[in-house]
Enquirer: 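Below: one structure in structure tokens.
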Amino acid sequence: MKFLKSGFTREDLLRIDEKDLPVLADEVRAVIIDTVKKNGGHLGSSLGVVELTIAMLRKFDPLNDRIIFDVGHQSYPYKILTDRFDKFSTLRLKDGIAGFPRRSESPCDHFNTGHSSTSISAALGYAKARDLLHEKRHVIAFIGDASLINGLALEALNYVHETGTKVIIILNDNRHSISNRVGGFSTVLARLSANNFYKRIKNTIKSKGGVNLVHGLEKIRDTFKFMLKPNNIFDELDVNYWGPFDGHNIKKAEEIFELAKNYDKPVILHFNTIKGKGLPEAEADPTKYHQLSPANEKKSRTWSEAASKIAEELALNDEKIICFTAAMVTGVKLEKFAREFPDRFFDVGIAESHMLTMAAGLAAGGMRPWVFIYSTFLQRAMDQLMHDIALQNLPVVIMVDRAGLSGSDGDTHQGVLDISWCRAIPNLEIYAPCDENSLKEAMLIASKRNGPTLIRYPRGSISEKNLSPEIKNDGIVKISDGKKFALLAHGAAVQTIIKTRELAKKNDTEVPSLYDVRKIKPLDFNLLDEILKSHELVAAVEENYMPGGLGEAVAARIAEGDFNVKLIRFGVPDVCVKHATQDEQREMYGLTAENILSECLSAVR
């Protein structure tokens with residue numbers, strides 16, 4: 001490569017001649033494509049903002065200024081062009097750089113992100129801190145058009161005026177323009193707002209006490225602006241709007257950034273970009289190429305595919321079933337459902353809280369809504385699940401995808417909290433199937449319940465064979481008998497305890513009893529009590545945080561019933577889960593057959 005070489009820094013970027021910047025952009029794209037195809041990651045968004053990132057880093061200092069990315073799907077060019085080109089090949093690998101911005105990773109990363117729509121709120125906080133500490137720096141929020149519609153982003157926009165501080169918002173629009181405009185007028189208006197002569201006149205008049213004249217001058221400027229452009233939500237919120245501009249024109253973007261630096265009020269800079277730019281197949285199908293799986297990941301039938309197929313079958317026989325998702329139709333595999341039942345499918349965009357409350361309204365109105373959502377994103381709608389669904393005991397089914405350890409997306413995307421906080425929600429039943437048979441059974445039960453049901457299932461491939469007996473039981477199912485100790489597990493961890501028993505037989509050691517806890521709330525205390533009475537040791541194994549998990553529920557039962565039995569809990573400790581493969585994460589937290597068997601044998605000898 002001509003420019004991207006070992007040790008590349010922003011200082012190298014500043015030394016590149018303007019005419020050579022398109023060559024640099026091509027090199028950045030080549031590095032992203034090569035790495036993401038190997039390691040997996042978010043491809044389309046990052047390819048779309050290469051020129052915009054180059055221009056931004058030539059006009060803003062990432063060490064002094066505060067650049068905050070929303071979500072972070074588009075942060076790969078930024079990582080390459082700051083201080084991480086040499087490490088970029090480790091993207092999303094264990095002990096490598098993260099797939100999202102991380103403050104611990106680089107002094108150029110100023111806010112940890114992973115969920116959408118946080119950047120404007122965080123930027124306002126940084127801007128007020130700057131003002132109160134009398135610092136000199138620019139604060140930039142970099143947000144995409146999909147994130148902007150989320151309630152959090154809109155709340156932040158609504159509060160910009162109240163803060164009385166300057167913040168620069170870069171809107172990366174890779175779908176459509178917010179308003180139909182001719183680009184020439186956009187630049188004229190930006191120059192008008194940031195014009196030094198205009199600002200000097202205004203400040204001079206203000207210093208002489210001519211407040212009314214200042215207001216008059218601003219009114220003349222605003223009148224001129226509105227002659228040239230239609231009203232938009234940003235101007236109505238008193239956030240000056242400039243754009244739209246071509247996000248792939250580096251020279252133009254640099255000009256706009258320089259004007260924004262000299263402007264003394266909050267401003268939103270609207271850039272149009274092409275998602276997946278530079279990779280023809282990604283440009284043609286940006287949804288498919290939004291995120292890629294690692295090259296060595298097995299391509300087999302997934303839990304998401306199994307769950308969506310069962311939902312389709314249930315919907316054929318029940319016209320009241322409706323499916324929801326929040327901008328994740330591909331992720332949760334509801335494409336076919338959307339085609340087959342267009343009037344009964346809703347993709348609400350990145351608006352999880354709205355989705356659950358709308359589902360509650362539909363349920364109250366006599367329908368049976370099913371909400372398909374990743375565990376990590378369900379965290380964004382905790383109040384709605386509790387207040388709007390559970391307290392009213394409405395028949396809403398929450399299909400929690402990516403439950404448990406979810407791999408290389410990192411600490412913001414692990415599904416290890418849903419059991420811990422949902423166990424405390426009244427009226428809510430929680431199921432954790434371990435195979436397709438128990439998944440279908442749980443969904444059948446949920447389709448007939450008159451209250452809320454949560455069904456959690458893991459990321460990845462669903463087992464081709466049933467792991468647990470094909471019996472109609474929605475509580476605890478015995479898989480096999482043992483003597484001294486019993487292993488209880490749910491969901492993905494059932495496969496782990498089966499491997500533990502196989503290892504024990506192979507090593508000719510004490511063989512455990514195995515139990516599949518299909519229903520986590522409420523627990524089947526009748527069978528659980530029998531298990532506690534008939535074993536010296538019970539171990540609870542789960543891919544969830546140990547605080548609030550199955551192990552804690554078993555511990556409470558042991559204490560309440562004064563059972564004479566030892567308990568070992570295996571799960572995720574009180575840590576932020578680092579990015580790695582799912583198997584590496586299980587190794588990190590002792591969720592392996594070898595570790596479970598070793599600890600249990602030590603406890604019963």
Side-chain angles (χ1 to χ4, degrees), residues 114-115 303 352-353 356 371 373-391 396-407 409-434 442 451-459 475-476 487-494 496-497 515-525 528 538-560 567-578 582 585-586 588-591:
H115 287 183
W303 278 90
E352 294 87 357
S353 299
L356 263 70
V371 174
I373 187 170
Y374 286 9
S375 174
T376 181
F377 300 138
L378 181 61
Q379 295 162 200
R380 314 197 85 192
M382 294 172 67
D383 180 65
Q384 287 70 34
L385 177 55
M386 171 63 185
H387 185 275
D388 299 330
I389 294 174
L391 289 187
V396 178
V397 183
I398 314 295
M399 298 296 291
V400 182
D401 203 332
R402 305 300 199 272
L405 295 166
S406 65
D409 277 342
D411 53 7
T412 55
H413 280 58
Q414 304 305 314
V416 291
L417 269 171
D418 53 89
I419 291 175
S420 297
W421 65 272
C422 288
R423 276 186 60 233
I425 296 178
N427 295 323
L428 182 68
E429 289 192 355
I430 303 174
Y431 293 81
C434 68
T453 309
L454 185 150
I455 302 172
R456 74 187 309 260
Y457 48 98
R459 178 179 188 174
I476 300 174
L487 303 180
L488 283 70
H490 58 76
V494 170
T496 304
I497 64 170
Y515 293 91
D516 169 18
V517 184
R518 295 183 182 179
K519 188 176 184 180
I520 299 170
K521 178 182 181 288
L523 278 172
D524 180 352
F525 285 133
L528 179 59
V538 169
V541 185
E542 58 188 324
E543 289 192 11
N544 189 79
Y545 276 129
M546 285 193 281
L550 172 66
E552 195 169 275
V554 174
R557 188 64 177 177
I558 290 172
E560 291 166 354
L567 172 68
I568 300 179
R569 295 183 297 152
F570 295 94
V572 182
D574 188 13
V575 298
C576 296
V577 179
K578 295 180 180 179
Q582 288 171 288
Q585 289 173 334
R586 291 171 185 130
M588 289 159 57
Y589 303 122
L591 290 166

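Side-chain atoms are counted along with the backbone in the values below, which use heavy atoms only and exclude waters and symmetry mates. Model, not experiment: these values are computed from the prediction.
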Enquirer: Side chains of H115 and H413, heavy atoms from C-beta outward: is any pair under 4.5 Å?
Expert: yes
Enquirer: Side chains of S406 and V577, heavy atoms from C-beta outward: is any pair under 4.5 Å?
Expert: no
Enquirer: Atom CG in D411, atom NZ in K578: separation rounded to 0.5 Å?
Expert: 10.5 Å
Enquirer: Taking the side chain from S375 and the backbone from G404, do they hold a donor-acceptor pair closer than 3.5 Å?
Expert: no
Enquirer: Can you name the nearest heavy-atom pair linking V541 to A493, along with the distance?
Expert: O-CB, 3.5 Å
Enquirer: Quick one: closest heavy-atom pair of N427 and A390, and the distance?
Expert: ND2-O, 2.8 Å
Enquirer: In the structure I gave you, are the side-chain heavy atoms of L454 and L378 within less than 4.5 Å of one another anywhere?
Expert: yes
Enquirer: Between L405 and L591, is any pair of side-chain heavy atoms under 4.5 Å apart?
Expert: yes
Enquirer: When rounded to the nearest 0.5 angstrom, what is the spacing between CD in E543 and OG1 in T496?
Expert: 6.0 Å
Enquirer: Indicate the atoms forming the closest heavy-atom contact of L550 with L523, along with that distance.
Expert: CD1-CD2, 4.0 Å
Enquirer: Is the shortest heavy-atom distance from the side chain of I398 to the side chain of P452 under 4.5 Å?
Expert: no
Enquirer: Take the angle between the ring planes of W303 and Y457 and call it parallel below 30°, perpendicular above 60°, tilted in between.
Expert: parallel
Enquirer: Looking at CD1 of I373 and CE of M399, how far apart are the two atoms once the value is rounded to the nearest 0.5 Å?
Expert: 12.5 Å
Enquirer: How long is the gap from CG on N544 to CD on E552, to the nearest 0.5 Å?
Expert: 10.0 Å
Enquirer: Do any pairs count as a salt bridge (charged side-chain N to carboxylate O under 4.0 Å, His left out) and have a residue in residues 378-389, sequence neighbours left out, and if so which ones?
Expert: E352-R380
Enquirer: Would you say that R557 contacts L528 through its side chain, given a criterion of any heavy-atom pair below 4.5 Å between the two side chains?
Expert: yes
Enquirer: Between C434 and G491, which heavy-atom pair has the shortest distance, and what is it?
Expert: CB-O, 3.5 Å
Enquirer: Nearest 0.5 angstrom please: M386 CE to L428 CG, how far?
Expert: 10.0 Å
Enquirer: Find the distance between CG (L567) and CD1 (I558) and round it off to the nearest 0.5 Å.
Expert: 4.5 Å
Enquirer: Could you report the tightest heavy-atom contact between I455 and P433, atom names first, then the distance?
Expert: CG2-CD, 3.9 Å
Enquirer: For Y374, is there any backbone N or O sitting under 3.5 Å from a side-chain donor or acceptor partner on R402?
Expert: no
Enquirer: Do Q414 and V572 have side chains that get closer than 4.5 Å, going by heavy atoms?
Expert: no
Enquirer: Does a sphere of radius 6.0 Å around NZ in K521 hold more than 12 heavy atoms from other residues, nucleotides or ligands, not counting ones at 6.0 Å or beyond?
Expert: yes
Enquirer: With distance as the sole test, does R456 use its side chain to make a donor-acceptor pair with the main-chain N or O of G415 at under 3.5 Å?
Expert: yes
Enquirer: Should W421 and L385 be marked as a side-chain contact (heavy atoms from CB on, under 4.5 Å) after you check the CA-CA gap, both sets of side-chain angles, and the distance that decides it?
Expert: CA-CA 11 Å; W421 65 272; L385 177 55; 3.8 Å; yes
Enquirer: Ignoring hydrogens and angles, tell me if any N or O in the side chain of E429 forms a donor-acceptor pair with the backbone of P522 under 3.5 Å.
Expert: no
Enquirer: For G551 and A540, which heavy atoms make the closest approach, and how far apart are they?
Expert: CA-CB, 3.6 Å
Enquirer: I would like to know whether E542 and R569 meet salt bridge (Lys or Arg N to Asp or Glu O under 4.0 Å); could you show each step before the answer?
Expert: CA-CA 8 Å; E542 58 188 324; R569 295 183 297 152; over 6 Å; no
Enquirer: Is a side-chain donor or acceptor of Y545 paired with a backbone partner of V575 at a separation under 3.5 angstrom?
Expert: yes
